[in-house]
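I have placed the structure first, in the form of structure tokens, so that the comments after it can refer back to it.
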Amino acid sequence: QVQLVESGGGPVQAGGSLRLSCAASRSISSVNVMGWYRQAPGKQREKVASITSGDRTNYVDSVKGRFTISRDNAKNTVYLQMNSLKPDDTAVYYCNPNSRADIGFWGQGTQVTVSS
């Protein structure tokens, strides 16, 4: 199975930007749907963005217009560009194929902390 490593998180002030990366150990070109998820303390894990092998994207309403998911198959990497960050975006962010998310397997994620 593909191994994934998330990076790019950190502290940022409200209104700032971050780009998260998800590096895969093998080709992701055959993965139908890759997603970015987040989980804040005391809240359920939430899918915030997804991208298909055909580059169709989808976003939760709260991040539409601010976040952009993309993939670079040549680099085996999925990205999440996050702009106009808000304190409510504070969470641990994870990447995962839909199939693995359904099974319940998660990596360590990367922490995003947005201050007011």
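Position 1 is the first residue of the sequence, and the numbers go up from there. If you're wondering where the values come from, they're calculated on a predicted model, not measured in any experiment.
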Who passes side chain to side chain contact (heavy atoms under 4.5 Å, CB included) against [X], sequence neighbours left out?
X      : result
Ala40  : Lys43, Ala91
Val31  : Ile28, Met34, Arg71, Pro97
Val112 : Leu18, Leu20, Met82, Tyr93, Val114
Thr77  : Ser21, Ala23, Lys75, Tyr79

Q. Are Lys64 and Asp61 within salt-bridge range, i.e. N to O under 4.0 Å?
A.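 Yes.
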
(Q) Taking transitive links into account, so neighbours of neighbours count too, which hydrophobic residues share a cluster with Phe105 at under 4.5 Å side-chain distance? (A)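 Direct or chained contacts put Phe105 with Ile103.
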
Is any side-chain heavy atom of [X] less than 4.5 Å from a side-chain heavy atom of [Y]?
X     : Y      : answer
Cys22 : Tyr94  : no
Leu4  : Cys95  : yes
Val48 : Glu46  : yes
Val2  : Arg100 : yes
Ile69 : Tyr59  : yes
Phe67 : Asp89  : yes

Q | From CA spacing to verdict: side chain to side chain contact (heavy atoms under 4.5 Å, CB included), Arg38, Val63 | A | CA-CA 12 Å; Arg38 67 186 181 189; Val63 309; 4.0 Å; yes

(Q) Keeping Ser25 on the side-chain end and Gln3 on the backbone end, is there a donor-acceptor pair under 3.5 Å? (A)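 Yes, because the side chain of Ser25 sits within donor-acceptor range (under 3.5 Å) of the backbone of Gln3.
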
Q | Ser7 backbone acceptor or donor facing Thr110 side chain under 3.5 Å | A |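 No, the answer is negative, given that no donor and acceptor are paired below the 3.5 Å cut-off.
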
Q. When you check the side-chain N and O atoms of Ser17 and Asn83, is any donor under 3.5 Å from an acceptor?
A.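 Yes, a side-chain donor-acceptor pair sits under 3.5 Å.
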
**Q.** Asn98 and Lys47 side chains, donor-acceptor separation under 3.5 Å
**A.**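 Asn98 and Lys47 do have a side-chain donor-acceptor pair below 3.5 Å.
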
Q.
Working to the nearest 0.5 angstrom, can you tell me the gap between Ser50 OG and Arg56 CZ?
A.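 So the gap between those two atoms works out to 10.0 Å.
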
Q. Taking only residues two or more places apart in sequence, or in another chain, which ones meet Ser29 in a side-chain hydrogen bond (donor to acceptor under 3.5 Å, both in side chains)?
A.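 side-chain hydrogen bond (donor to acceptor under 3.5 Å, both in side chains) list for Ser29, sorted by chain: Ser27.
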
Q. Can Arg45 be said to sit on top of Trp106's aromatic six-ring, NZ or CZ under 6.0 Å from centre and within 45° of the ring axis?
A.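 Yes, a cation-pi geometry.
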
Q.
Taking Ile51 as the starting point, is it possible to reach Val60 by hopping between hydrophobic residues whose side chains are less than 4.5 Å apart?
A.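 In one cluster with Val60: Ile51, yes.
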
